[in-house]
**Student:** 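Take this structure, written in structure tokens, and hold onto it; I'll ask about it next.
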Amino acid sequence: MSASYAHSPLSSGQIRLAAVTKIDDDLSVSLHVIDFGAAPAYITLSYCWEGQVQDNVVMCDGRDLHVTQNVVAILNYLAITYPRHWFWIDAICIDQDNKAEKNVQVPLMRKIYERALRMVAWIGRKDEDIAATIQGQPNMFTKARDHVGEPIGRDEAYWRAYGILTRRPSVWFGLYKILLQPWFRRLWVIQEVILSKDVIFVCGESVVDACFLLPLIQEYSRFTLACITQVTLPTGDFYKGHSCFSNVCDLRKQWQAGTFQPHGLPELLSATEDFLVSNRRDRIYALLGITSSFWQYLVPVTYELPTLEVYINFATLWLAKRPQLLALNRASSRPPMEDLPSWCPVFDQKQIPWALGQTYLWSGYSAGTDEGKDGWTASRNIRAQDVEPSTSGIAVVLSSGARRHKLQLAGFQTGHVVSVVPPGSLMTVLNPEMDWHPNQFLKWEGKCLKISQSVYNLPNAVPPAHARTLVANKNMHHRARYSDGIFQAYEATMARLKSPSSWADDVDEDFMNYYPSIEFACYKRSFFSTSNGMIGVGPSRMEKDDVICIFDGCVTPFIIRLQPDSTDTYEFLGEAYVDGVMYGEALETEAAKNRMEISLI
């Protein structure tokens with residue numbers, strides 16, 4: 001057995017490139033340190049790390065280099081297909097055990113992929129269905145464009161009329177399986193695919209150019225493809241794979257057309273929740289290559305820091321640089337974690353329920369500012385705020401205690417919670433396989449209605465505020481604040497839910513607008529009333545006597561809980577919709593005159 005390979009150190013501006021050779025069955029790698037500015041033409045590799053361990057050995061300059069099974073398969077392919085080429089492979093060309101080196105090399109990856117001759121994306125080993133898809137995809141693309149109409153519920157004869165065969169073996173089934181591959185949900189592939197000049201996909205011995213495969217993925221909605229294939233594989237993973245990669249396809253088209261505009265890092269984090277990483281810090285670091293220069297400048301890559309410290313640092317930065325305090329909305333409703341302050345998001349967990357605050361540009365929420373009080377126009381562009389590295393003017397003070405960081409924000413309290421109805425049962429896209437019956441939701445809504453009738457002293461009527469609160473006063477279908485017709489939509493939705501026999505009828509527009517909006521507002525949220533005669537929806541963990549507060553500049557109210565043996569320190573529970581204070585109305589009340597520093601732990 002040879003000695004283990006040790007990477008030679010890199011100086012500023014240097015990278016390593018690999019040469020791969022195979023003589024008979026002997027595979028070997030040679031690493032060369034090169035000044036990046038003078039690097040020869042090279043090919044980059046993209047592949048999946050998740051679920052693999054470095055238990056394979058290849059010879060690297062006469063010594064043992066431990067790599068994953070995927071890397072061995074890729075190296076064999078490269079040695080045969082691209083002899084006498086240079087390669088950049090992150091697992092080999094970066095010393096993965098040297099955190100200081102990773103801190104320097106990871107920010108370089110944007111330029112590394114931009115300058116590469118080509119990127120080879122290894123999406124998996126040989127698969128007959130995927131091979132059939134790759135071979136038949138030009139014809140598939142033509143048929144995809146010919147097909148129009150609603151795919152759900154169509155039989156085999158319908159698809160045959162379009163020349164689409166649904167029975168296996170079928171080229172369509174292979175496309176379904178392609179999108180089940182974990183590579184399509186790997187977070188790092190976003191920058192790798194967007195930034196590379198030329199991309200090819202390799203699955204075993206099958207190869208297809210990105211210019212053919214990516215349009216095919218975009219042409220088919222995930223529902224159409226699932227209907228065509230009529231398979232019983234895990235559709236949830238397929239939907240996530242399709243949704244994730246469709247967005248990547250759009251961004252690559254923009255990059256190639258010269259119309260790509262870097263998004264802010266907070267927006268990218270929200271848009272990529274379904275993507276996967278093997279190192280939790282990379283939830284942030286993997287997006288630096290495609291975010292704006294504003295955030296690249298502000299966020300250092302520091303693999304030495306514990307993951308939760310990376311999250312706390314970024315959350316603090318987000319709060320300081322954005323006046324809307326959307327980092328608090330992102331942290332809402334998450335379970336408590338001993339080592340993470342209650343106000344800090346867990347960036348590698350998907351946010352459930354959906355954040356109310358993230359829709360403020362079109363819903364008009366502006367609880368802590370008077371911008372939305374007299375009518376809202378969603379004309380501001382978040383990206384414009386990222387052009388210059390200036391602070392929001394909001395004081396963010398962090399202090400470290402024995403166990404947690406403490407966040408101090410200016411704001412005021414606007415009442416406390418009087419009564420609470422815990423979350424009810426809702427069928428949503430987040431839990432499509434649950435055994436659900438409308439009566440479960442109707443019982444929950446009935447309890448909420450009783451609270452609303454009591455608050456507004458309307459024992460025999462539905463208060464308008466109740467209809468607004470169930471949807472957080474926004475129409476998800478039209479992406480706008482509800483205006484006229486909300487009460488009609490409420491009545492139509494309740495009537496349909498109370499009459500299962502009507503479900504076979506065509507779905508009316510009121511129901512299609514109102515029920516999905518209920519899902520958004522009420523899924524995993526409690527319904528509550530307040531001490532100052534209002535109603536709302538908020539965190540599932542909220543209890544009687546919790547406090548409703550509004551911080552300076554925030555877009556929604558928040559629910560906080562006073563800590564035992566304290567008069568000024570609170571646990572952060574999450575965002576809320578409170579009917580009557582969402583558009584700056586509370587700023588004109590007596591409560592707003594009692595501004596204070598509120599400490600969150």
Side-chain angles (χ1 to χ4, degrees), residues 7 10-21 29-49 60 67-68 70-71 73-96 101-102 104-124 183-184 186-203 207-214 245 248-258 260 262 275 282 285-291 293 296 301:
H7 291 77
L10 295 176
S11 300
S12 176
Q14 290 184 327
I15 64 170
R16 299 184 188 92
L17 291 180
V20 183
T21 58
V29 176
S30 180
L31 282 178
H32 299 258
V33 175
I34 296 174
D35 290 331
F36 184 45
Y42 58 91
I43 294 171
T44 57
L45 274 295
S46 177
Y47 57 97
C48 241
W49 284 50
C60 182
V67 295
T68 65
N70 270 351
V71 171
I74 294 166
L75 291 175
N76 276 287
Y77 170 81
L78 295 176
I80 297 171
T81 310
Y82 297 99
R84 297 180 296 280
H85 275 74
W86 292 100
F87 303 99
W88 187 86
I89 308 169
D90 58 353
I92 295 175
C93 296
I94 297 177
D95 184 354
Q96 299 297 324
E101 180 175 303
K102 290 175 68 175
V104 176
Q105 290 290 297
V106 166
L108 271 179
M109 287 173 66
R110 171 174 178 151
K111 293 182 178 179
I112 289 172
Y113 280 95
E114 279 182 322
R115 297 183 186 181
L117 182 68
R118 162 174 286 181
M119 186 190 83
V120 175
W122 180 269
I123 61 175
W183 183 89
F184 287 90
R186 180 175 171 263
L187 187 60
W188 282 103
V189 308
I190 300 178
Q191 73 165 1
E192 294 166 2
V193 171
I194 291 172
L195 301 176
S196 298
K197 300 172 190 173
D198 181 40
V199 178
I200 64 167
F201 294 94
V202 180
C203 184
V207 181
V208 61
D209 196 288
C211 66
F212 294 110
L213 182 61
L214 300 189
F245 212 70
V248 176
C249 295
D250 288 335
L251 294 174
R252 177 171 171 79
K253 285 173 62 177
Q254 295 171 22
W255 181 267
Q256 291 183 312
F260 178 81
F275 284 85
D282 289 340
Y285 298 158
L287 297 171
L288 291 178
I290 54 171
T291 191
S293 57
Q296 291 175 4
V301 176

**Student:** Please report the closest heavy-atom contact between C48 and N70, naming both atoms and the distance.
**Tutor:** O-ND2, 3.0 Å
**Student:** With rounding to the nearest 0.5 angstrom, report the CH2 to CG distance, W188 to D282.
**Tutor:** 5.0 Å
**Student:** Side chains of L10 and Q105, heavy atoms from C-beta outward: is any pair under 4.5 Å?
**Tutor:** yes
**Student:** Measuring from I80:CD1 to L75:CG, what's the distance to the nearest 0.5 Å?
**Tutor:** 11.0 Å
**Student:** Answer whether the closest heavy-atom distance between the side chains of V193 and C249 falls below 4.5 Å.
**Tutor:** no
**Student:** So which atom in M119 and which in S46 form the shortest heavy-atom distance, rounded to 0.1 Å?
**Tutor:** SD-CB, 3.7 Å
**Student:** For a side chain to side chain contact (heavy atoms under 4.5 Å, CB included) with L78, tell me which candidate from L45, V202, T21 qualifies.
**Tutor:** L45
**Student:** Name all residues meeting the side-chain hydrogen bond (donor to acceptor under 3.5 Å, both in side chains) criterion together with Q14; count only those two or more places apart in sequence or in a different chain, and write none if there are none.
**Tutor:** D35
**Student:** With sequence neighbours left out, write down each residue that passes ring-ring contact (aromatic ring centres under 6.0 Å, His included) with F275, or none if nothing qualifies.
**Tutor:** none
**Student:** Can you give me the closest heavy-atom contact between A121 and W183, atom names plus distance?
**Tutor:** CB-CZ2, 3.5 Å
**Student:** Below 4.5 Å, heavy atoms only, C-beta onward: do I112 and I15 meet side chain to side chain?
**Tutor:** yes
**Student:** Could you work out, with side-chain hydrogen bond (donor to acceptor under 3.5 Å, both in side chains) as the rule, every residue matching N76, not counting sequence neighbours?
**Tutor:** K22
**Student:** Could I get the full list of side chain to side chain contact (heavy atoms under 4.5 Å, CB included) partners for C60, not counting sequence neighbours?
**Tutor:** Y5, V29, L31, L65
**Student:** Pair L288, V301 - check side chain to side chain contact (heavy atoms under 4.5 Å, CB included), show working.
**Tutor:** CA-CA 9 Å; L288 291 178; V301 176; 3.6 Å; yes
**Student:** Under 4.5 Å between any side-chain heavy atoms of F184 and I123, yes or no?
**Tutor:** yes
**Student:** Centres of the F260 and W255 rings: under 6.0 Å?
**Tutor:** yes
**Student:** Hey, could you give me each pair passing salt bridge (charged side-chain N to carboxylate O under 4.0 Å, His left out) that has a residue in residues 11-21? Not counting sequence neighbours.
**Tutor:** R16-E101
**Student:** Under 3.5 Å, sequence neighbours excluded: what are the donor-acceptor pairs made by side chains of residues 87-95?
**Tutor:**
| unit_1 | atom_1 | unit_2 | atom_2 | d |
| --- | --- | --- | --- | --- |
| D90 | OD1 | Y47 | OH | 2.9 |
| D95 | OD1 | D97 | N | 3.2 |

**Student:** Output every pair passing side chain to side chain donor-acceptor pair (under 3.5 Å) with a member in residues 106-123, not counting sequence neighbours, ordered by first then second residue.
**Tutor:** Y82-R118, Y113-E192, R118-D198
**Student:** Taking atom OH of Y42 and atom CD1 of I34, what is their separation to the nearest 0.5 Å?
**Tutor:** 10.0 Å
**Student:** Enter the distance from I194:CD1 to I290:CD1 here, rounded to the nearest 0.5 Å.
**Tutor:** 4.5 Å
**Student:** Q96: what forms a side-chain hydrogen bond (donor to acceptor under 3.5 Å, both in side chains) with it, not counting sequence neighbours?
**Tutor:** none
**Student:** Within the 4.5 Å heavy-atom criterion, are P40 and L17 side-chain neighbours or not?
**Tutor:** yes
**Student:** Sequence neighbours left out, what passes side-chain hydrogen bond (donor to acceptor under 3.5 Å, both in side chains) with S30? Give chain and number order.
**Tutor:** H32, D61
**Student:** Taking all non-hydrogen atoms of both residues into account, name the closest pair between S196 and R252 and its distance.
**Tutor:** O-NH1, 2.6 Å
